Student: 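What follows is a structure written as structure tokens; I'll ask about it next.
Just follow the structure's listing: the first ligand is 1, and inside any ligand the first atom is 1. Everything numeric here is computed off the predicted structure, so don't read it as measured data. Along the sequence shown, the residues carry numbers beginning at 1.
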Amino acid sequence: MVDTDLIDRKATGQAAGDLRHTREPDDRDVLVDIQDLCTYFYTPEGVVHALGGVDLRIGRGRTLGLVGESGCGKTVLALTILRLIPEPPGKIVRGKVLFEGTDLLSLDQTGIREIRGNKISMIFQEPMTSLNPVFTIGFQIEEVLMLHQSHRAPTRKQARELAAELLDMVGIPYPGRRIDDYPHQLSGGMCQRVMIAMALACRPSLMIADEPTTALDVTTQAQILALMGELKEELNTSILLVTHDLGVVAQSCEDVAVMYTGNVVEHAGVEDIFSRPLHPYTRGLMRSIPTVEARRRGEQLHAIPGNVPTLRDMPKGCTFHNRCDEVMDICRRERPPMFRPHPDHCVRCWRYANG
Ligand SMILES: Nc1ncnc2c1ncn2[C@@H]1O[C@H](COP(=O)(O)OP(=O)(O)OP(=O)(O)O)[C@@H](O)[C@H]1O
Ligand code: SF4
Ligand SMILES: [Mg+2]
């Protein structure tokens with residue numbers, strides 16, 4: 001039994017507000033519709049099937065948490081949406097990424113560049129590696145504004161004023177002064193705020209955040225997540241939040257997609273995922289969350305047995321079958337499709353073949 005209250009408390013610290021909603025997305029509210037998306041890496045050791053036919057929808061103005069063990073394809077999915085996969089060795093082999101109805105995979109380089117930064121922006125885990133150490137943070141935000149908001153044609157002076165406003169918006173104290181700071185003069189949490197300011201500079205419809213708080217302490221993490229939630233409400237931005245932390249998901253996301261070996265194995269609203277996880281893998285992830293209650297009872301932390309199979313050589317049938325304690329004959333022979341045992345709750349497991 002998962003103590004979701006505890007997860008909430010663990011993730012929030014004191015600063016984060018409750019950002020969850022109970023409404024489920026319907027077809028009219030879909031911002032991104034990913035269909036049968038496959039991305040492979042052609043390495044000397046063999047073909048890495050990093051994404052093996054992902055189907056996923058992101059609702060407008062909603063936060064979707066993308067979770068799963070290391071190496072399951074979360075970052076590759078984020079990079080594929082933005083067409084940032086290094087080719088070679090990578091290749092987007094097939095599928096569609098429909099964004100506001102346009103297939104991003106069919107755009108030419110100019111088209112996709114216009115989308116990046118204008119309509120979709122990305123925040124990476126390590127702000128220090130994303131910010132340029134030789135330019136002031138103000139200059140870097142101004143560059144984004146000048147480059148991507150040509151329709152507003154801001155002058156350098158206007159861009160500077162807007163940059164200071166953005167720094168204020170993301171909670172940087174004394175923005176008028178700090179605008180001339182270099183990245184090394186700011187703490188990790190502040191740099192991440194600057195990254196958020198840059199990501200929001202063009203008021204994107206979608207913000208992709210890949211482990212945006214993993215490198216930060218718990219309090220700063222809670223503040224950054226709260227900030228992203230507030231800005232999301234203000235700008236009606238959708239967020240794809242990549243994280244391995246189920247506590248962060250419980251607090252910050254409305255929808256959850258669980259990935260395993262390059263595919264989504266379960267997708268539902270956050271309440272559903274925590275109150276009735278259906279996929280044996282999701283249940284395993286839930287049981288591996290430490291709780292004070294379990295520690296008091298002297299219980300060992302649960303670990304999912306076995307290892308994730310290599311994406312170069314995946315087992316036949318369900319890719320989880322060698323670790324699953326509910327495995328059936330069919331699981332070893334045939335790959336399960338996505339079933340929908342409840343409205344708005346999908347699961348890729350033969351156990352739900354009959355509803
Ligand atoms: N440039 C590359 N060349 C070869 N293989 C790659 C490349 N980039 C990613 N991969 C492979 O794609 C798979 C998915 O990797 P990905 O980085 O998406 O995992 P992840 O779920 O983000 O993991 P983590 O939680 O550790 O960040 C892995 O097997 C990885 O080794
Ligand atoms: S399809 Fe079979 S092996 Fe795979 S998760 Fe479901 S029960 Fe387990
Ligand atoms: Mg990653």
Student: Is the backbone N or O of Val97 less than 3.5 Å from a side-chain atom of Asp103, with the two atoms forming a donor-acceptor pair by type?
Tutor: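 It does hold such a pair.
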
Student: For the Mg ion (ligand 3), which protein N/O/S atoms are closer than 2.8 Å?
Tutor: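 Checking every protein N, O and S atom gives Thr75 OG1.
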
Student: For Ala50, counting its heavy atoms only, list the atoms of ligand 1 lying under 4.0 Å from any of them.
Tutor: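 That gives atoms 12 (O) of ligand 1.
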
Student: Test: ring pair (Phe, Tyr, Trp, His ring centres under 6.0 Å). Region: residues 305-329. Which pairs qualify, not counting sequence neighbours?
Tutor: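 Every pair satisfying ring pair (Phe, Tyr, Trp, His ring centres under 6.0 Å) with a residue in residues 305-329: Tyr260-Phe320, His279-Phe320, Tyr281-Phe320.
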
Student: For ligand 1, which atoms have a heavy atom of Leu311 less than 4.0 angstrom away?
Tutor: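 Listed by number with element, the hits are 13 (C), 29 (O).
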
Student: Could you tell me the residue and atom name of the protein heavy atom closest to atom 23 (O) of ligand 1, and the distance to it rounded to 0.1 Å?
Tutor: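 Atom 23 (O) of ligand 1 sits closest to the protein heavy atom Gly71 N, 2.8 Å.
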
Student: Could you tell me the separation between the CG atom of Leu79 and the CE atom of Met122, rounded to the nearest 0.5 Å?
Tutor: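 These two atoms lie 5.0 Å from each other.
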
Student: Check whether more than 12 heavy atoms from other residues, nucleotides or ligands sit under 6.0 Å from atom CG of Asp108, and answer yes or no.
Tutor: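 Buried by this count: over 12 neighbours within 6.0 Å.
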
Student: Would you compute the distance between atom CG of Leu66 and atom CD of Glu211 and round it to the nearest 0.5 angstrom?
Tutor: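 The CD atom of Glu211 is 9.5 Å from CG of Leu66, to the nearest 0.5 Å.
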
Student: Testing the 3.5 Å rule here: is there a donor-acceptor pair between the side chains of Thr80 and Thr39?
Tutor: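 Side-chain D/A pair, Thr80 to Thr39: present.
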
Student: Atom SG in Cys318, atom CZ in Arg333: separation rounded to 0.5 Å?
Tutor: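 Nearest 0.5 Å value for the SG-CZ distance: 13.0 Å.
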
Student: Can you tell me the protein heavy atom closest to atom 1 (N) of ligand 1 and the distance?
Tutor: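 Atom 1 (N) of ligand 1 sits closest to the protein heavy atom Phe41 CE2, 3.7 Å.
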
Student: Any side-chain to backbone donor/acceptor pair from Arg57 onto Asp33? Under 3.5 Å, distance only.
Tutor: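 Not at all, since once roles are kept as given, no pair shorter than 3.5 Å links the two residues.
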
Student: Under 3.5 Å between any N/O of Gly73 and any N/O of ligand 1: does that happen in this structure?
Tutor: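 Yes, at least one N or O pair falls under 3.5 Å.
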
Student: Using a 6.0 Å distance limit plus a 45 degree cone around the ring axis, check whether Arg178 lies over the aromatic ring of Tyr174.
Tutor: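 Checked: cation-pi criterion not met.
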
Student: Measure the distance from atom 11 (C) of ligand 1 to every protein heavy atom, then report the residue, atom name and distance (to 0.1 Å) of the closest one.
Tutor: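 Closest protein heavy atom to atom 11 (C) of ligand 1: Val48 CG1, 3.9 Å.
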
Student: Quick one: name the protein N/O/S atoms under 2.8 Å from atom 4 (Fe) of ligand 2, chain by chain.
Tutor: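 Correct list: Cys318 SG.
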
Student: Write out all pairs satisfying salt bridge (Lys or Arg N to Asp or Glu O under 4.0 Å) with one or both partners inside residues 302-317, taking only residues at least two apart or from two chains.
Tutor: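 Residue pairs with at least one partner in residues 302-317: there are none.
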
Student: Using a strict cut-off of 4.0 Å, indicate which atoms of ligand 1 neighbour a heavy atom of Val76.
Tutor: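 The list of qualifying atoms is 9 (C), 12 (O), 14 (C), 15 (O), 16 (P), 18 (O).
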
Student: Quick check on Cys72 - does any of its heavy atoms sit under 4.0 Å from an atom of ligand 1?
Tutor: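 The answer is yes, since Cys72 has a heavy atom less than 4.0 Å from ligand 1.
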
Student: Considering distance alone, does some N or O of Thr75 sit under 3.5 Å from an N or O of ligand 1?
Tutor: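 Right, the criterion is met.
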
Student: Do Thr261 and Pro309 come close enough that some side-chain heavy atom pair is under 4.5 Å?
Tutor: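 Answer yes - side chains close enough.
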
Student: Ion pair present between Arg94 and Asp36, side-chain N to carboxylate O less than 4.0 angstrom?
Tutor: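 Yes, this pair counts.
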
Student: Based purely on interatomic distance, does Pro86 place a nitrogen or oxygen under 3.5 Å from a nitrogen or oxygen of ligand 1?
Tutor: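 No; every N/O pair is 3.5 Å or more apart.
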
Student: Is Ser70 in polar range of ligand 1, meaning some N or O pair under 3.5 Å apart?
Tutor: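 Among all N and O atoms of Ser70, at least one is under 3.5 Å from an N or O of ligand 1.
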
Student: Nearest 0.5 Å, please: how far is CD1 in Ile58 from CG in Asp255?
Tutor: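 With rounding to 0.5 Å, CG (Asp255) is 9.5 Å from CD1 (Ile58).
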
Student: Less than 4.0 angstrom from a charged side-chain N to a carboxylate O is my criterion; do Arg60 and Asp29 meet it?
Tutor: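 Answer for the salt bridge query: no.
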
